[in-house]
Undergrad: 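My questions will all concern the structure given below.
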Number of protein chains: 2
Amino acid sequence: MSTLLNSLTTELRRGTLTLAVLSQLRTPQYGYSLVQLLEQCGISIEQSTLYPLLRRLEKQELVTSSWDTTESRPRRYYVLTPYGIEIYQQLKKEWEKTSQELSLLLKGEDNE
Amino acid sequence: MSTLLNSLTTELRRGTLTLAVLSQLRTPQYGYSLVQLLEQCGISIEQSTLYPLLRRLEKQELVTSSWDTTESRPRRYYVLTPYGIEIYQQLKKEWEKTSQELSLLLKGEDNE
DNA sequence: ACTTTATACTATGCATCATACACTATTGTT
DNA sequence: AACAATAGTGTATGATGCATAGTATAAAGT
């Protein structure tokens with residue numbers, strides 16, 4: 001893939017990562033599990049992208065986190081706050097709207 | 001709309017503007033007409049956002065531009081280059097892929 | 001003993017978008 | 001004739017998020 005296409009795709013993905021992560025935090029998850037969960041769904045995300053994102057979300061009070069030290073390895077679990085749930089649902093609506101609008105624009109002569 | 005939701009939505013839109021603009025430049029358009037064309041489709045874009053975008057696209061050789069001075073008001077028309085068409089189609093595919101993946105993630109308990 | 005997996009995290013730079021401007025010429029209205 | 005509104009093209013600056021490239025540790029597997 002050309003570097004140009006690559007950077008355009010990056011920009012296109014931007015913001016969707018947040019939405020994807022929020023969607024998975026309705027049930028508690030820790031960073032590492034999130035990476036794999038999303039990978040399974042075809043969305044690859046680097047840890048070095050995810051952790052700062054989680055930090056942001058926590059700062060914005062969309063998620064809360066807590067350490068679980070009962071297992072052999074300590075894990076920090078993240079989960080949506082009520083406010084986070086609300087924002088998630090609104091953001092989801094926004095995405096559906098944008099998605100539909102774009103579908104309309106892109107429809108038409110599909111010459112392959 | 002809260003400022004947080006606003007900024008999240010902005011991020012979500014990011015990159016989609018490029019795709020939207022590219023999709024309209026299969027036929028020649030000038031800046032002002034593009035704004036209105038997209039507006040009709042529900043996508044609002046400020047001129048001060050569009051013009052720098054067009055500049056970028058031209059620099060990346062995805063579009064070319066030329067002045068039309070035959071009308072009463074001079075207009076600068078933009079249109080896709082062959083390379084631009086190619087990139088557009090690939091980017092479109094990327095979007096469709098991402099879009100589908102996200103649909104999957106967002107599906108599920110729609111408690112309204 | 002060595003390597004891989006699991007797990008968490010930081011720092012820096014680049015690109016895009018929003019916001020706020022500046023500018024001109026034509027059309028429409030009073 | 002004066003004025004406002006529309007049509008039209010642009011620039012500068014700042015905020016922000018993602019990618020890239022790292023650091024670090026402990027458990028499990030060989």
Side-chain angles (χ1 to χ4, degrees), chain A residues 1 3-22 28-39 43-60 62-63 65-78 91 94 98, chain B residues 1 3-22 28-39 43-60 62-63 65-78 91 94 98:
Chain A
M1 188 151 65
T3 43
L4 176 54
L5 184 56
N6 230 319
S7 66
L8 290 173
T9 303
T10 294
E11 288 304 317
L12 203 52
R13 270 168 48 100
R14 207 160 164 155
T16 64
L17 284 181
T18 301
L19 187 53
V21 166
L22 288 179
Q29 301 286 338
Y30 54 99
Y32 196 82
S33 69
L34 264 175
V35 171
Q36 301 197 309
L37 203 55
L38 292 175
E39 199 81 40
I43 297 177
S44 80
I45 180 172
E46 293 295 318
Q47 296 179 344
S48 47
T49 296
L50 179 62
Y51 285 110
L53 171 56
L54 289 172
R55 287 306 167 93
R56 271 197 306 280
L57 295 178
E58 191 166 18
K59 198 172 174 188
Q60 294 163 345
L62 300 179
V63 310
S65 70
S66 55
W67 283 98
D68 179 358
T69 52
T70 61
E71 301 291 333
S72 60
R73 301 177 189 212
R75 292 162 176 166
R76 186 196 278 258
Y77 277 86
Y78 297 86
L91 193 58
E94 288 295 329
T98 303
Chain B
M1 187 149 66
T3 44
L4 176 54
L5 184 56
N6 229 319
S7 67
L8 290 173
T9 304
T10 294
E11 287 305 316
L12 203 52
R13 269 167 51 99
R14 204 161 164 158
T16 63
L17 284 181
T18 301
L19 186 54
V21 166
L22 288 179
Q29 301 286 339
Y30 54 98
Y32 196 82
S33 70
L34 264 175
V35 171
Q36 302 195 309
L37 204 55
L38 294 175
E39 198 82 39
I43 296 176
S44 79
I45 181 172
E46 292 295 318
Q47 295 179 344
S48 48
T49 297
L50 178 62
Y51 285 111
L53 172 55
L54 288 172
R55 289 305 169 94
R56 271 199 303 280
L57 294 179
E58 190 166 18
K59 197 171 174 187
Q60 293 161 346
L62 300 179
V63 310
S65 69
S66 55
W67 284 97
D68 179 359
T69 51
T70 60
E71 301 292 330
S72 59
R73 299 172 191 219
R75 294 162 175 164
R76 188 196 278 257
Y77 277 84
Y78 298 85
L91 193 58
E94 288 295 329
T98 303

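To find a chain, count down the sequence lines: A is the first, B the second, and so on, and within it residues start at 1. No hydrogens, no waters, no symmetry mates; every other heavy atom, side chains included, goes into these values. Since this is a predicted model, take the numbers as computed values, not measurements.
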Undergrad: Can you measure B:Leu12 atom CG to C:dT16 atom C1' for me and round it to whole angstrom units?
TA: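 Going from CG in B:Leu12 over to C1' in C:dT16 covers 14 Å.
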Undergrad: Nearest whole Å is fine: how far is C:dC9 C1' from A:Tyr77 OH?
TA: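 My rounded result for the distance is 18 Å.
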Undergrad: Nearest-Å distance, OH (B:Tyr32) to C1' (C:dT27)?
TA: 12 Å
Undergrad: Return no unless some side-chain N or O of B:Tyr30 is found under 4.0 Å from OP1 or OP2 of D:dT9.
TA: no
Undergrad: Do you know the tightest heavy-atom contact between B:Ala20 and B:Ile43?
TA: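 Shortest heavy-atom contact: CB-CD1, 4.1 Å.
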Undergrad: For D:dT11, does OP1 or OP2 lie under 4.0 Å from any side-chain N or O of B:Arg55?
TA: yes
Undergrad: CG of A:Leu50 versus P of D:dG17: gap in Å, rounded?
TA: 14 Å
Undergrad: Answer with yes or no whether the side chains of B:Ser65 and B:Glu58 bring together a donor and an acceptor at under 3.5 Å.
TA: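 There is such a pair between these side chains.
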Undergrad: I need the CG-C1' distance between B:Leu57 and C:dA15, as an integer number of Å.
TA: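 For the pair B:Leu57 CG and C:dA15 C1', the rounded distance is 13 Å.
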Undergrad: State whether A:Arg76 places a side-chain N or O below 4.0 Å from either non-bridging phosphate oxygen (OP1 or OP2) of C:dC9.
TA: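 A:Arg76 to C:dC9 OP1/OP2: side-chain N or O found under 4.0 Å.
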Undergrad: When you check the phosphate oxygens OP1 and OP2 of C:dA8, does a side-chain N or O of A:Arg75 lie under 4.0 Å from one of them?
TA: no
Undergrad: Taking CD1 from A:Ile43 and P from D:dC18, how many angstroms apart are they, rounded to a whole number?
TA: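 For the pair A:Ile43 CD1 and D:dC18 P, the rounded distance is 13 Å.
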Undergrad: Hydrogens and angles aside, do A:Glu39 and A:Ser44 bring a side-chain donor and acceptor to less than 3.5 Å of each other?
TA: no
Undergrad: Does A:Tyr30 reach the side chain of A:Arg76, with side-chain heavy atoms less than 4.5 Å apart?
TA: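 SC-SC contact between A:Tyr30 and A:Arg76 ruled out.
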Undergrad: Please give, in whole Å, the distance from D:dA15 P to B:Leu8 CG?
TA: 18 Å
Undergrad: So do B:Leu91 and B:Leu22 actually touch side chain to side chain, heavy atoms under 4.5 Å?
TA: yes
Undergrad: Going by side chain to side chain contact (heavy atoms under 4.5 Å, CB included), name the residues that satisfy it together with A:Arg73, two or more places apart in sequence or in a different chain.
TA: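 Here no residue qualifies.
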Undergrad: Grab the OH-P distance between B:Tyr78 and D:dG8 for me, whole Å please.
TA: 14 Å
Undergrad: Protein within reach of the bases, or only the backbone? For nucleotides 17-25 of chain C, mark each nucleotide 5' to 3' as B, S or -, using heavy atoms under 4.0 Å.
TA: SBBB-----
Undergrad: How many angstroms lie between CG in A:Leu62 and OG1 in A:Thr18, if you round to the nearest 0.5 Å?
TA: 9.5 Å
